[in-house]
There are 2 protein chains.
Amino acid sequence: MNQDDDHKHRNEVTLRDVSAAVGLGMSTISRVLRNHGSFSKATRDRVMKAVDELGYVPNRIAGALASSGSNLVGIVIPSLHNIVFPDLLSGAAVALNPIGFQTVIAVTDYDIEQEQKVIQSMLAWRPAAFLVTGLEHTGRTRSMLKNSGVRVAELLDTDGEGIDLVVGFSQREAGAVSARHLLERGYRRIGYIGPQFSFDPRARKRFEGFSQVLAEAGIEPAETELIGRTSSTEAGRAALERMLARNSNLDAVYFSNDDFAVGGLFHCFAKGIAVPSRLAIMGYNGLDIGRFAPQPLTTLLTPRTEIGEIGARMVMEGGDPQVVDLPFEILEGATT
Amino acid sequence: MNQDDDHKHRNEVTLRDVSAAVGLGMSTISRVLRNHGSFSKATRDRVMKAVDELGYVPNRIAGALASSGSNLVGIVIPSLHNIVFPDLLSGAAVALNPIGFQTVIAVTDYDIEQEQKVIQSMLAWRPAAFLVTGLEHTGRTRSMLKNSGVRVAELLDTDGEGIDLVVGFSQREAGAVSARHLLERGYRRIGYIGPQFSFDPRARKRFEGFSQVLAEAGIEPAETELIGRTSSTEAGRAALERMLARNSNLDAVYFSNDDFAVGGLFHCFAKGIAVPSRLAIMGYNGLDIGRFAPQPLTTLLTPRTEIGEIGARMVMEGGDPQVVDLPFEILEGATT
DNA sequence: CACATAATTGGCAGCGCTGCCAATTATTGC
DNA sequence: GCAATAATTGGCAGCGCTGCCAATTATGTG
């Protein structure tokens with residue numbers, strides 16, 4: 001009556017079907033497919049042939065349950081609209097793909113409550129490791145992560161207490177280096193444009209490092225503009241316009257990222273403000289768009305792809321918790 | 001002797017532990033946690049309390065195996081370095097997160113063999129749906145996808161045969177519209193700069209649509225520069241420089257994306273080439289960076305975020321295979 | 001050629017959860 | 001107050017695979 005085979009759910013091909021087709025035990029098929037344990041060459045060929053003919057696709061859900069281990073790596077980033085994070089993902093992919101791991105990606109929109117939620121639901125898949133952004137998390141996120149027994153790498157920032165592995169650089173120091181760069185060139189009336197600190201702790205730390213160096217030289221940021229949660233050319237352009245309207249006496253502006261900075265640079269081009277003689281501009285991140293602008297942007301190149309790659313590699317390798325500090329570098333352009 | 005509890009693997013808290021702690025059957029706990037089936041308010045509270053105290057995290061691997069259904073959605077994109085794809089992901093996230101689905105993301109590097117590999121390994125996790133880019137796949141990818149019974153949405157391009165759901169717009173028509181825009185403004189000696197067609201079928205289709213409209217007007221692209229697999233300001237800048245060195249007689253250049261176009265625009269700024277009077281520039285995608293350039297770039301705004309969102313929503317809703325064509329729009333800047 | 005050793009292979013329990021259905025308890029109608 | 005109905009709850013099989021170990025077969029040794 002029933003034209004289906006005697007399978008339960010759908011007509012899915014299982015290990016058992018392959019086993020029956022080849023006439024070997026399920027364990028043998030499993031060993032061949034995972035290339036683990038011993039089996040003869042002939043067996044291997046027969047199994048592969050049957051797998052191909054039947055169109056068998058191993059069910060990793062069952063595999064993971066039986067072996068209590070998945071090949072999933074959870075990656076949590078605040079946004080996809082800042083190229084830094086896609087770069088981080090690319091770096092991680094370079095380390096993970098060759099060893100057969102897959103990435104489950106979640107975006108938090110710079111909200112640590114949201115981060116807690118997504119980490120909790122990722123944890124339900126028992127990932128092999130977590131790559132998260134920054135060191136700022138809710139207490140519950142920390143404890144979930146610690147209790148889970150899953151290895152964690154916190155990326156990008158080394159200024160603070162990590163949970164396990166930390167790979168990045170000092171955001172404070174990056175800000176400090178930028179301040180020194182401007183001071184060395186004689187700028188003294190310096191503005192700052194960046195995202196609202198409430199949602200980007202790394203930008204805040206850079207600003208703190210920046211301000212501290214200025215303070216040591218006896219000066220403080222002359223003007224500050226904080227931008228809502230976007231990182232766009234438009235926002236940078238508008239912010240610089242507002243800032244100059246308030247105070248046209250500035251000699252330099254430090255932007256918290258290159259998107260903003262390029263927007264600022266565009267504003268100067270459009271208004272005929274001479275850069276850097278009338279106003280110097282400095283960015284952060286070393287984006288392509290700034291480096292190849294008509295007037296190359298002075299910025300600070302961050303090793304974000306390497307951070308992703310090294311973070312992923314080290315977290316998979318195991319080893320003791322540690323902090324890995326990677327170098328960044330000032331790119332001298334023509335805007336300072 | 002053994003200070004561990006009598007658990008097998010690690011000290012993981014399971015449903016059984018919660019069940020024991022609350023003094024209710026496992027099925028009841030499971031029903032409460034999934035908010036499915038019936039249970040009393042009092043039971044609910046007791047269960048939640050115990051879950052909290054024990055730090056129980058449901059194991060979705062086991063859940064998915066038992067119920068044959070995961071909350072994972074596989075997303076396959078060619079690259080992360082072109083903002084189009086992060087935008088697609090953001091759109092998909094908007095549709096998927098609220099309904100509790102998680103995204104497993106793989107990058108193919110514009111290689112359909114690589115795409116086949118990643119889809120095969122994603123299939124092992126029995127995702128609830130697939131979102132893939134474009135209509136060009138290996139035959140094996142197609143058949144795997146069809147046989148899997150998993151719903152598939154192919155995004156961005158509607159010029160061709162889909163597997164199931166297709167959400168995007170006609171790449172050919174986008175190219176054609178751009179050509180008409182340039183012709184209407186009187187440009188006749190037109191160059192084209194874009195990625196090598198071998199790895200970007202959508203760029204090829206746009207170029208075909210573009211060339212066809214030119215052909216109907218009795219002209220053909222005066223110059224063509226194809227760039228390796230990168231989409232950067234630098235590459236666009238260098239390509240325009242090479243093209244103008246070969247042929248300084250052009251009156252317009254159509255760039256296959258805004259990153260290249262902005263590079264071209266930068267080249268013109270740097271060399272003092274008047275835009276558009278001496279050379280017109282047109283881009284594609286409607287990126288922020290072009291829209292807010294000192295001289296706003298004329299480009300074509302693509303609905304990529306909507307494509308991600310609508311594609312994800314529709315593929316999850318079920319329904320018959322269909323093609324959804326979304327509108328794009330010319331953004332008139334000051335470069336044509 | 002008998003025996004030790006190595007290489008293959010099979011059987012079975014169980015990973016942690018859900019679906020189904022039966023059992024139990026609470027509520028309602030007359 | 002008792003049967004009938006609805007609301008809760010529990011038991012158990014089994015999702016598809018892997019780990020362990022025993023069974024079988026092939027290979028080597030003196």
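Naming: A, B, ... by sequence-line order, numbering from 1 per chain.
Side-chain polar atoms of A/S19 and A/R16 form no donor-acceptor pair below 3.5 angstrom.
Between the P atom of D/dG10 and the CE atom of B/M26 lies a distance of 12 Å, rounded to the nearest Å. Computed from coordinates, the B/L15 CG to D/dG11 P distance equals 14 Å when rounded to whole Å. Atom CH2 of A/W125 and atom C1' of C/dG16 are 13 Å apart (whole Å). Here D/dC17 presents its P atom at 11 Å from CD1 of A/I61, a figure rounded to the nearest Å. Atom CD of A/E12 and atom P of D/dC15 are 12 Å apart (whole Å).
At the heavy-atom level, B/G69 lies nowhere under 4.0 Å from the strands shown. Nucleic acid contact for A/L24: sugar-phosphate only, since backbone atoms but no base atoms lie under 4.0 Å from a heavy atom of the residue.
Take the nearest nucleotide of DNA chain D for B/I29 and for B/L65: the residue whose nucleotide is more 5' is B/I29. Comparing B/R31 and B/N59 by the nucleotide of DNA chain C whose heavy atom lies nearest to each, the residue mapping closer to the 5' end is B/N59.
An OP1 or OP2 oxygen of C/dT18 is reached within less than 4.0 angstrom by a side-chain nitrogen or oxygen of B/S30.
Less than 4.0 Å separates DNA chain C from at least one heavy atom of each of the following residues of residues 33-49 of chain B: B/R34.
Side-chain to base pairing of B/S67 with C/dG19: no donor and acceptor N or O lie closer than 3.5 Å to each other.
Here the side chains of B/F130 and B/V73 are not in contact, with every heavy-atom distance at 4.5 Å or above. Looking at A/T103 and A/L89, their side chains never come closer than 4.5 Å, going by heavy atoms from C-beta outward. The shortest distance between side-chain heavy atoms of B/D17 and B/E12 does not fall below 4.5 Å.
Scanning for salt bridge (charged side-chain N to carboxylate O under 4.0 Å, His left out) contacts around A/D45 gives A/K41, with sequence neighbours left out.
Comparing C/dT18, C/dC15, C/dG10 against the side chain of A/S27 picks out C/dG10 as the nearest.
Among residue pairs with one or both ends in residues 21-70 of chain A, none qualify as ring pair (Phe, Tyr, Trp, His ring centres under 6.0 Å); sequence neighbours excluded.
Using a cut-off of 4.0 Å between Lys/Arg side-chain N and Asp/Glu carboxylate O, B/K49 and B/E53 are scored as salt-bridged.
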